[in-house]
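Right, one structure below, let's go through it.
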Amino acid sequence: MPEIEVAAPDALRAALAAGEDRITLVDARFVGHRHALRLVIADTRFPAAHVPGVLAVEGEARAEAARIVAGLDRPAADTCVPDLIAERLAAAGVSLREVPLGELLAEVPRDEDARARAVAAVAAVDDERVRLTSAVKARDGFFTTFAVSTWSRYLARWCARRGLTPNQVTVASLFVALAAAAGAATGTRAGYIGAALGLYFSFVLDCTDGQLARYAVSYSRIGSWLDATFDRAKEYAVYAGLALGAARHDDDVWTLALVAMVVMTTRHIVDFAFNETRRGIGGGDDESADGGAGAKLSGKLNTVGWTVWARRMIILPIGERWALIAVLTATTTPRITFVVLITGCVLAACYTSLGRILRSLPRRTPAAPQVGEHLAALADSGPLAELVARLRLRVPAPAAALLGTAALLAVLLAGGAGEWWGLAGAGAYVLCAGVAIGRPLVRRLDWVVPPIFRAAEYAAITVLAARVVPTAVAAAFGLVAATAYHHYDTVYRLRGGYGAPPRALVWAVLGHEGRVLLVTVLAAAGSDTLRTGLIVTAGVLAAIVLAESVAFWVRGARPDIDDATPVGPAPSASTSSYRPLEAVVAAATDRTGDLS
């Protein structure tokens with residue numbers, strides 16, 4: 001498409017109204033860093049993005065921009081029309097991202113002197129250095145910061161220059177982790193050492209895919225899902241590999257592997273549920289937003305350098321956790337690895353949970369209705385609980401959830417596991433689970449309900465398998481892994497703003513209370529029935545949730561943006577000109593070459 005001058009507003013409006021694909025408007029006088037342009041043009045996560053002199057719009061934002069242009073009089077020669085449109089888009093309530101530039105520069109000089117100063121300012125800042133630095137997360141764990149990101153950013157750049165995508169690196173990370181799990185499964189010291197090295201390099205690739213996405217400004221909906229999902233798959237595969245390796249020495253650690261998975265998954269649900277509540281009160285990532293002694297203490301500790309790193313290590317983020325597993329795998333036995341890992345994870349869970357409870361106590365007003373909807377989705381309640389919920393009993397949700405969990409586990413641990421009277425505990429759990437969701441989960445401590453349900457369901461499966469038929473714990477491991485995938489998938493949908501999974505899916509897999517009741521019945525029917533039932537239930541549940549999840553994420557996936565596509569500023573001129581992204585790319589190629 002030829003350039004469209006401001007002198008022809010009708011042609012500009014027609015270009016904006018011609019479709020819904022992303023279109024970029026660049027002021028001809030723009031001076032700035034190439035990466036500033038890349039951040040606007042290539043980042044398709046936002047319907048509208050803006051830096052001084054550059055505006056990218058698509059979909060409804062593009063249609064609104066066309067309406068704005070239709071109402072514009074002929075602008076003055078020195079008017080920066082992209083900035084003017086961006087200002088009016090924001091006033092109209094359109095979601096507009098003002099791209100943070102940091103050290104980067106983007107501006108529209110008004111005269112030659114200002115242009116000379118801008119060009120000098122651009123030359124004074126190393127665009128590539130800023131790009132490499134911004135590829136690394138600003139806040140990360142100690143191990144990741146000092147043992148991985150110091151060199152993985154250069155690996156990310158190497159991948160970008162060879163046309164590799166973040167998704168390809170994510171898949172490579174999975175294969176390396178699976179190879180590490182296979183090494184652990186050999187049960188030999190060489191296999192354990194190989195597994196440790198594989199874990200480290202798998203984690204390096206896991207960091208590299210995100211750094212590559214930020215370096216190349218190449219994001220996709222399916223990429224975020226793959227990254228998060230493969231993290232769980234890799235960790236569970238390593239647990240299984242260690243259990244298989246220990247079995248070669250007649251050491252059965254499947255129960256420990258299952259407990260490690262239960263503790264980590266429950267702890268993650270604590271984090272996710274609490275963060276949903278914080279978003280509901282406008283807290284975001286600001287630890288002091290919800291007030292209280294816990295937040296004040298946290299703020300004070302953040303002013304002391306060493307405590308920041310200590311607190312990040314105490315919570316055992318994925319980097320520290322994988323480093324711990326790798327070192328222990330290489331130097332000790334699977335049993336010791338699991339015992340130390342579980343102990344560390346329990347301590348981390350206690351630390352984070354206590355802090356979250358302390359920060360929740362000062363809040364008096366109910367959270368926004370959307371918070372209740374999200375917490376209800378995280379609760380994963382099925383038809384039985386929803387039927388009881390219609391009674392609308394006025395019982396605090398956390399109290400009801402705790403009471404049901406205590407009754408269930410008390411009965412199972414007291415000898416009810418594998419007995420028909422054990423159904424009394426499962427029945428009490430179903431009733432209490434329904435009472436807990438009878439009212440919207442918007443009170444200050446209602447966020448603890450989903451984690452309590454997760455702990456109850458996973459623990460019940462673990463106890464029933466371990467007590468009734470210990471040889472079926474591996475099958476229970478598979479069932480919990482499939483169930484955990486379903487719960488993580490729910491989290492990723494909510495965090496991405498895509499809403500909860502379909503109600504039909506939740507009902508098809510019975511909800512948490514239905515699965516607890518089913519496994520309790522299978523255990524009461526006998527050890528052979530439980531063993532077969534666990535295998536069948538795990539297979540059916542995995543098939544249902546995986547099929548629906550894959551269809552959902554792939555169906556809505558955006559194509560990745562190839563960073564090898566050159567982009568750049570328009571030539572200097574006295575008027576502003578605007579063109580689609582393809583035209584900007586074509587013009588920039590002639591002047592600046594490939595920017596990747």
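Values below: all heavy atoms of this structure, side chains included; hydrogens, waters and symmetry mates excluded.
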Is there a donor-acceptor pair under 3.5 Å between the side chain of [X] and the backbone N or O of [Y]?
| X | Y | value |
| --- | --- | --- |
| Arg267 | Ala348 | no |
| His512 | Gly382 | no |
| Glu320 | Phe142 | yes |

message = Please tell me whether Ser381 and Glu513 have a donor and an acceptor in their side chains that are separated by less than 3.5 angstrom.
response =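 Judged by distance alone, the side chains do not pair up.
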
request  = State whether a side-chain donor-acceptor pair under 3.5 Å links Thr170 with Asp227.
outcome  =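 Their side chains do not contain a donor-acceptor pair, so the 3.5 Å distance test is not met.
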
Which heavy atom of [X] sits nearest a heavy atom of [Y], and at what distance?
| X | Y | answer |
| --- | --- | --- |
| Val270 | Ser353 | CG1-OG, 3.7 Å |
| Val253 | Pro334 | CG2-CB, 4.5 Å |
| Ala195 | Ala180 | CB-O, 3.2 Å |
| Pro398 | Ile452 | O-CD1, 4.2 Å |
| Val395 | Ala400 | CG1-CB, 4.1 Å |
| Val388 | Val435 | CG1-N, 3.9 Å |

message = Parallel, tilted or perpendicular, judged at 30° and 60°: which one describes the rings of Tyr458 and His487?
response =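 Tilted: the ring planes of Tyr458 and His487 meet at 30° to 60°.
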
ask   = Would you call the rings of Phe203 and Phe143 parallel, tilted or perpendicular if under 30° counts as parallel and over 60° as perpendicular?
value =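 Ring orientation of Phe203 relative to Phe143: tilted.
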
key: Salt bridge present between Arg392 and Glu386 (N-O < 4.0 angstrom)   =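 No.
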
key: Basic-acidic side-chain contact under 4.0 Å: Asp446, Arg443   =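 Between Arg443 and Asp446 there is no salt bridge, as every charged N stays at least 4.0 Å from the carboxylate O atoms.
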
Heavy atoms, side chains only, cut-off 4.5 Å: are [X] and [Y] in contact?
| X | Y | value |
| --- | --- | --- |
| His486 | Ile544 | no |
| Ile342 | Leu256 | yes |
| Thr265 | Tyr236 | yes |
| Asp489 | Thr229 | no |
| Arg321 | Pro317 | no |
| Leu517 | Leu423 | yes |
| Thr520 | Val516 | yes |
| Trp421 | Val411 | yes |

Rounded to the nearest 0.5 Å, what's the gap from [atom1] on [X] to [atom2] on [Y]? Could you check?
| X | Y | atom1 | atom2 | result |
| --- | --- | --- | --- | --- |
| Thr144 | Arg139 | OG1 | CZ | 12.5 Å |
| Thr329 | Leu199 | OG1 | CG | 6.0 Å |
| Ile437 | Asp380 | CD1 | CG | 10.0 Å |
| Tyr485 | Arg232 | OH | CZ | 12.0 Å |
| Asp231 | Ser173 | CG | OG | 7.0 Å |
| Ser202 | Leu174 | OG | CG | 7.5 Å |

Using a 6.0 Å cut-off, check whether atom [atom1] of [X] has over 12 heavy atoms from anything other than its own residue.
| X | atom1 | result |
| --- | --- | --- |
| Phe146 | CZ | yes |
| Gln370 | CD | no |
| Arg189 | CZ | yes |

inquiry  = Can you list everything that forms a salt bridge (charged side-chain N to carboxylate O under 4.0 Å, His left out) with Arg335? Sequence neighbours excluded, please.
reply    =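 Once residues adjacent in sequence are excluded, the partners of Arg335 under the salt bridge (charged side-chain N to carboxylate O under 4.0 Å, His left out) criterion are Asp251.
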
query = Are Leu328 and Leu341 close enough, and set up right, to give a side-chain contact (heavy atoms from CB on, under 4.5 Å), and what steps lead you there?
reply = CA-CA 9 Å; Leu328 292 175; Leu341 176 65; 5.7 Å; no

task = Evaluate the ring pair (Phe, Tyr, Trp, His ring centres under 6.0 Å) criterion for residues Tyr498 and Trp225: first the C-alpha distance (whole Å), next the side-chain angles of each, then the deciding distance (0.1 Å), finally the verdict.
result = CA-CA 12 Å; Tyr498 307 123; Trp225 169 68; over 10 Å; no

From CA spacing to verdict: side-chain contact (heavy atoms from CB on, under 4.5 Å), Trp447, Phe272 = CA-CA 9 Å; Trp447 61 267; Phe272 297 142; over 6 Å; no

request  = Just do the side chain to side chain donor-acceptor pair (under 3.5 Å) check on Glu276 and His374 with the steps written out, would you?
outcome  = CA-CA 7 Å; Glu276 287 297 334; His374 284 193; 2.7 Å; yes

ask   = Going through the checks in order, is the side-chain contact (heavy atoms from CB on, under 4.5 Å) test met by Tyr200 and Trp322?
value = CA-CA 7 Å; Tyr200 174 70; Trp322 278 57; over 6 Å; no

request  = Could you please spell out the steps behind the side-chain contact (heavy atoms from CB on, under 4.5 Å) verdict for Cys345 and Leu316?
outcome  = CA-CA 7 Å; Cys345 289; Leu316 273 186; 4.1 Å; yes

Residue of the set Leu244, Thr471, Leu242, Val259 for which side-chain contact (heavy atoms from CB on, under 4.5 Å) holds with Trp254 =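 For Trp254, the side-chain contact (heavy atoms from CB on, under 4.5 Å) check succeeds only for Leu244.
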
task = Could you check Lys234 against Asp206 for salt bridge (charged side-chain N to carboxylate O under 4.0 Å, His left out), going step by step and ending with a plain yes or no?
result = CA-CA 10 Å; Lys234 289 182 290 188; Asp206 185 45; 3.5 Å; yes

Face-on cation placement of Arg493 at Phe552 ring, 6.0 Å and 45° thresholds =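 Yes, Arg493 sits over the ring of Phe552.
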
query = Per the salt bridge (Lys or Arg N to Asp or Glu O under 4.0 Å) rule, which among Arg454, Arg356, Arg495 passes with Asp271?
reply =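 For Asp271, the salt bridge (Lys or Arg N to Asp or Glu O under 4.0 Å) test succeeds with only one of Arg454, Arg356, Arg495, which is Arg356.
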
